Amino acid sequence: MLLYRSERSRWGSGVLTRLADDLRRSFPEVKGFSATNLKYMRQLAAAWPDETSLGPRGVDQLPWGHLRTLLPVEDATRRERYIRAAVDHGWSRHVLVHNLRTNALERSGTQPTNFGRLLEPDSAALAQELTRDPYVLDFLAVDDDRGERALERAMVDRIADTLRELGTGFAFVGRQVHLDVNGNDFFVDLLFFHVEQLRYVVVELKRGEFRPEHLGQLSFSVAVVDDTMRLPVHAETVGLLLVTGKDEAVVRYALGTSSAPVGVASYDLLPPELQRALPSEADLRRALEGAPG
């Protein structure tokens, strides 16, 4: 009714304010009739004009705070994707806000991997769903020049945020997990277990650009974890290598020669909006070249 009257009577914000006051006086025991909420109600009706679409599309399964978070999303297809994901995975409002801000669904399943070559089709498709590219680690507040161990410590210190960024279903197993191979000591940077897919996920961190030899260390760790920790009911162990940057062609050739199911993704320590505001490397180079000596 708010939408109908607004479109036909050209109601302004003053009308909604007076209406909110009237509703509060008429129904003092009922909360939620502020002018701001009335505006949100009108936006909700505009976003989902067909009343029959509410139930089947999952909107009625989300709390009001979730719906207010989704209303600014103008792309209806994108909005519906996040509604369905929030319902299916039980996202809190905080998680929904984070995933919208970082375009989590748009990044999901995009990491280059060799899962299709080394895993059965169904298992490969599921494992691919675990991946993102890039991973946004802006919550760590770590300088770009800090080492890999500092990143590991920061991720463990902020483990709730780390798990949220990895995605639904990840559980933390340990940092610098010890692997004993015939008396030789090896360590996994970060080890996770996915409770929905029932598989170990080995995560290795590398500063700087991707190099093919990075996959050798990760593949070794994946093979050892799969052989010594995986139970018969578990799915195949996979590995995720996170690097500062990568050349797609180099990654493709390296993945083609790897003997373990692994993927390569980049990670960002700055929020996307700040990255877009910063000058690119090419812009800085041109500025330096044009500067007086």
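Values reported hereafter were calculated over all heavy atoms of this structure, with side chains retained and with hydrogens, waters and symmetry mates removed. We're numbering straight along the sequence, starting at 1. What you see is a predicted model, and the numbers here were worked out from it, not measured in a lab.
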Main-chain N/O of [Y] paired to [X] side chain as donor or acceptor, under 3.5 Å:
X      : Y      : answer
Asp133 : Arg107 : no
Asp268 : Val136 : no
His66  : Ile83  : no
Thr110 : Glu106 : no
Asn99  : Ala104 : no
Tyr200 : Val173 : no
Arg175 : Val188 : no
Ser26  : Leu23  : no
Asn184 : Val181 : yes
Glu209 : Lys246 : yes

Indicate, with yes or no, if Leu198 and Phe192 share a hydrophobic cluster defined by side-chain heavy-atom contacts under 4.5 Å among Ile, Leu, Val, Met, Phe, Trp and Tyr.
-> no
Shared ILVMFWY cluster between Phe170 and Leu126, side chains joined below 4.5 angstrom?
-> no
Using the salt bridge (charged side-chain N to carboxylate O under 4.0 Å, His left out) rule, take Asp226 and Arg199 through it: C-alpha gap first, then chi angles, then the decisive distance, then the call.
-> CA-CA 9 Å; Asp226 196 68; Arg199 72 167 84 237; over 6 Å; no
Would you please indicate if the ring centroids of Phe186 and Phe220 are separated by under 6.0 Å?
-> yes
May I ask you to check whether His98 and Phe139 place their ring centers less than 6.0 Å from one another?
-> no
If I take atom [atom1] from residue [X] and atom [atom2] from residue [Y], how far apart are they, to the nearest 0.5 angstrom?
X      : Y      : atom1 : atom2 : answer
Asn114 : Ser258 : CG    : OG    : 5.0 Å
Met155 : Thr162 : CE    : OG1   : 4.5 Å
Thr102 : Leu105 : OG1   : CG    : 9.0 Å
Glu152 : Glu204 : CD    : CD    : 8.0 Å
Leu140 : Asp157 : CG    : CG    : 9.5 Å
Leu2   : Met41  : CG    : CE    : 7.5 Å

Do [X] and [Y] have side chains that approach each other closer than 4.5 Å (heavy atoms only, starting at C-beta)?
X      : Y      : answer
Arg164 : Ile159 : no
Asn37  : Ser34  : yes
Leu240 : Thr131 : yes
Leu67  : Tyr40  : no
Val222 : Val238 : no
Leu191 : Met229 : yes
Phe172 : Phe193 : no
Leu62  : Leu70  : yes

Under 3.5 Å, is there a donor-acceptor pair between the [X] and [Y] side chains?
X      : Y      : value
Glu129 : Ser108 : no
Gln128 : Thr113 : yes
Asn103 : Arg78  : yes
Ser259 : Ser219 : no
Thr69  : Arg93  : yes

Which label fits [X] and [Y]: parallel for a plane angle under 30°, tilted from 30 to 60°, or perpendicular past 60°?
X      : Y      : result
Trp91  : His89  : parallel
His178 : Phe187 : tilted
Phe33  : Phe27  : tilted

Should Arg79 and Glu74 be marked as a salt bridge (charged side-chain N to carboxylate O under 4.0 Å, His left out) after you check the CA-CA gap, both sets of side-chain angles, and the distance that decides it?
-> CA-CA 7 Å; Arg79 189 170 58 226; Glu74 297 180 357; over 6 Å; no
Is the shortest side-chain N to carboxylate O distance from [X] to [Y] below 4.0 Å?
X      : Y      : result
Arg18  : Asp21  : no
Asp75  : Arg81  : no
Asp189 : Lys206 : no

Where do Tyr267 and Leu151 land on the side-chain contact (heavy atoms from CB on, under 4.5 Å) test, with the steps shown first?
-> CA-CA 11 Å; Tyr267 63 88; Leu151 283 173; 3.1 Å; yes
How far apart are the closest heavy atoms of [X] and [Y], and which atoms are they?
X      : Y      : value
Val195 : Ala171 : CG1-CB, 4.1 Å
Gly208 : Val243 : O-CB, 3.8 Å
Pro212 : Val250 : CG-CG1, 3.9 Å

Does CZ in Arg24 sit with more than 12 non-hydrogen atoms of other residues, nucleotides or ligands closer than 6.0 Å?
-> yes
Take atom CG of Asp122 as the centre, draw a 6.0 Å sphere, and report whether it contains more than 12 heavy atoms from other residues, nucleotides or ligands.
-> no
Any chance you could lay out the side-chain hydrogen bond (donor to acceptor under 3.5 Å, both in side chains) test for Glu236 and Ser123, step after step, and finish with the verdict?
-> CA-CA 8 Å; Glu236 298 92 333; Ser123 182; 3.1 Å; yes
Exactly one of Thr17, Leu44, Leu16 clears side-chain contact (heavy atoms from CB on, under 4.5 Å) with Lys39, and that residue is Leu16
Salt bridge (charged side-chain N to carboxylate O under 4.0 Å, His left out) evaluation trace for Glu165 with Arg158 | CA-CA 11 Å; Glu165 175 56 17; Arg158 299 288 298 272; over 6 Å; no
What do the steps show when you test Leu255 against Val262 for side-chain contact (heavy atoms from CB on, under 4.5 Å), and what is the final call?
-> CA-CA 8 Å; Leu255 287 173; Val262 295; 3.9 Å; yes
Starting from the C-alpha separation in whole Å, work towards a yes-or-no answer on side-chain contact (heavy atoms from CB on, under 4.5 Å) for Leu100 and Val73.
-> CA-CA 9 Å; Leu100 280 170; Val73 180; 4.0 Å; yes
Applying side-chain contact (heavy atoms from CB on, under 4.5 Å), run through Leu190 and Val156 and close with a yes or a no.
-> CA-CA 9 Å; Leu190 297 167; Val156 174; 3.9 Å; yes
